[in-house]
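In listed order, ligands and their atoms are each counted from 1. Positions are given from 1, in the same order as the sequence printed here.
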Amino acid sequence: MPVEPETEVLLSRTEIAAAIDRLAAEVRRDYLGKCPLLVGILKGSFVFMADLVRRLDFPLEIDFVRLSSYGPGTESSGQVRVVQGLRSPVRGREVLVIEDIVDTGLTDSYFLEYLRKRRPASLRLCSLLDKPARRRFPVKIDYLGFSIPDRFVVGYGLDLDEKYRNLSDVCVLVEG
Ligand code: PRP
């Protein structure tokens, strides 16, 4: 078995739970009685989505898309591919996009524009994490859990080479 890098907790499960309580209250205040469509961007958002929606005690719908950006090396090419698109109709709906992290902003600026063209009644973004130091494409985050420094984070849905998504805390990798 290859040795996996050690991790260190950046945001504990307790801090994450408190942030999601706050976010759920904000979302409830704005969407109660509107039956919003929550759209999670896979794969990273699946844990956050599951925890958030269980704190929302009013009718809503859930769907997912799977997006992938591609390009040489680790840098974004500026292009996003829709691997699995939306099944749910968007026109006239109150749409809330659920994201685990906004980094360069490429994925969300692309996807929000993709949705905007389909004429939702409203369109907002909720992200657990924001890494503002990395931003290249402007994105407005309407509901934000945490702003974090420019460190590579894993856990709570986020991966390194598909590993670590199952950690309950948001962690940083320890060098060496
Ligand atoms: C991550 C994350 C966001 C995106 C943010 O997804 O879930 O969707 O990157 O980065 P950006 O702001 O630079 O576009 P990733 O492409 O790693 O796929 P995954 O969710 O399947 O891990």
Side-chain angles (χ1 to χ4, degrees), residues 2 4-5 7-11 13 15-17 19-20 23-24 27 36-54 62-88 90 95-118 120 123-173:
E4 301 287 352
T7 58
E8 206 170 76
V9 174
L10 178 68
L11 299 168
R13 62 200 76 186
E15 291 172 289
I16 294 168
I20 299 178
L23 291 173
V27 169
L37 173 64
L38 273 57
V39 180
I41 302 182
L42 294 173
K43 299 179 191 173
S45 71
F46 80 104
V47 180
F48 178 41
M49 174 72 109
D51 280 347
L52 179 67
V53 296
R54 283 179 293 171
I62 296 167
D63 206 343
F64 290 95
V65 290
R66 187 147 174 225
L67 305 177
S68 112
S69 59
Y70 52 93
T74 54
E75 285 304 309
S76 292
S77 67
Q79 289 179 293
V80 177
R81 194 162 55 96
V82 180
V83 179
Q84 182 191 313
L86 258 194
R87 295 262 169 89
S88 309
V90 162
V95 178
L96 179 59
V97 175
I98 308 296
E99 181 62 284
D100 53 320
I101 186 166
V102 180
D103 191 297
T104 65
L106 171 68
T107 304
D108 295 288
S109 60
Y110 170 88
F111 187 55
L112 289 168
E113 189 52 34
Y114 168 98
L115 289 173
R116 206 167 280 125
K117 286 183 188 150
R118 285 159 179 77
L123 181 60
R124 293 193 186 120
L125 174 64
C126 173
S127 184
L128 179 67
L129 306 174
D130 181 22
K131 223 191 249 185
R134 294 261 305 163
R135 194 74 87 258
R136 287 171 53 207
F137 304 86
V139 173
K140 178 170 182 261
I141 304 174
D142 301 282
Y143 308 93
L144 175 65
F146 302 92
S147 189
I148 61 168
D150 187 9
R151 303 275 307 272
F152 195 89
V153 286
V154 296
Y156 201 76
L158 291 98
D159 75 308
L160 169 63
D161 294 336
E162 297 301 327
K163 309 289 192 315
Y164 301 102
R165 293 193 196 274
N166 54 317
L167 300 182
S168 296
D169 309 296
V170 171
C171 298
V172 290
L173 299 176

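Interface atoms of ligand 1 facing Thr107, defined by a heavy-atom separation under 4.0 Å, are 4 (C), 8 (O), 11 (P), 14 (O). Proximity to Gly44 (heavy-atom distance under 4.0 Å) selects the following atoms of ligand 1: 19 (P), 20 (O). Taking every non-hydrogen atom of Gly105 and a distance limit under 4.0 Å, the qualifying atoms of ligand 1 come out as 11 (P), 12 (O), 13 (O). Residue-ligand proximity, Thr104 to ligand 1, at heavy-atom distances under 4.0 Å covers atoms 11 (P), 12 (O), 13 (O), 14 (O). Each of the following atoms of ligand 1 lies closer than 4.0 Å to a heavy atom of Leu42: 20 (O), 21 (O).
Nearest approach of Pro120 to Leu115, heavy atoms of both residues: CD-O, 3.2 Å. For Ser45 against Phe64, the heavy-atom pair with the smallest separation is OG-CE2, 4.4 Å. Contact record, Glu99 with Ile41: OE2-CD1, 3.5 Å, taken as the closest heavy-atom pair.
Around the CZ atom of Arg116, the shell of radius 6.0 Å holds more than 12 heavy atoms that belong to other residues, nucleotides or ligands. Surrounding CG of Asp161 are at most 12 heavy atoms belonging to other residues, nucleotides or ligands under 6.0 Å away.
Residues passing the ring-ring contact (aromatic ring centres under 6.0 Å, His included) test with Phe146: none are found, sequence neighbours excluded.
Under a 3.5 Å cut-off, the side chain of Asp63 and the backbone N or O of Ser88 do form a donor-acceptor pair.
Looking at ligand 1, you won't find any N or O of Ile101 less than 3.5 Å from one of its N or O atoms. On a distance-only criterion, Ile41 and ligand 1 share no N/O pair closer than 3.5 Å. Residue-to-ligand polar distances place Arg165 within reach of ligand 1: an N/O pair is separated by less than 3.5 Å.
In this structure, Arg135 fails the cation-pi test against Phe137, since its NZ or CZ atom is not both closer than 6.0 Å to the six-membered ring centre and inside 45 degrees of the ring normal.
Contacts with ligand 1 closer than 4.0 Å are made by side-chain heavy atoms of Asp159 only, the backbone lying farther away.
The nearest non-hydrogen atom to atom 3 (C) of ligand 1, considering only Lys43, Arg134, Glu99, comes from Glu99.
Remark: distances from the non-hydrogen atoms of Arg66 to ligand 1 are all 4.0 Å or more.
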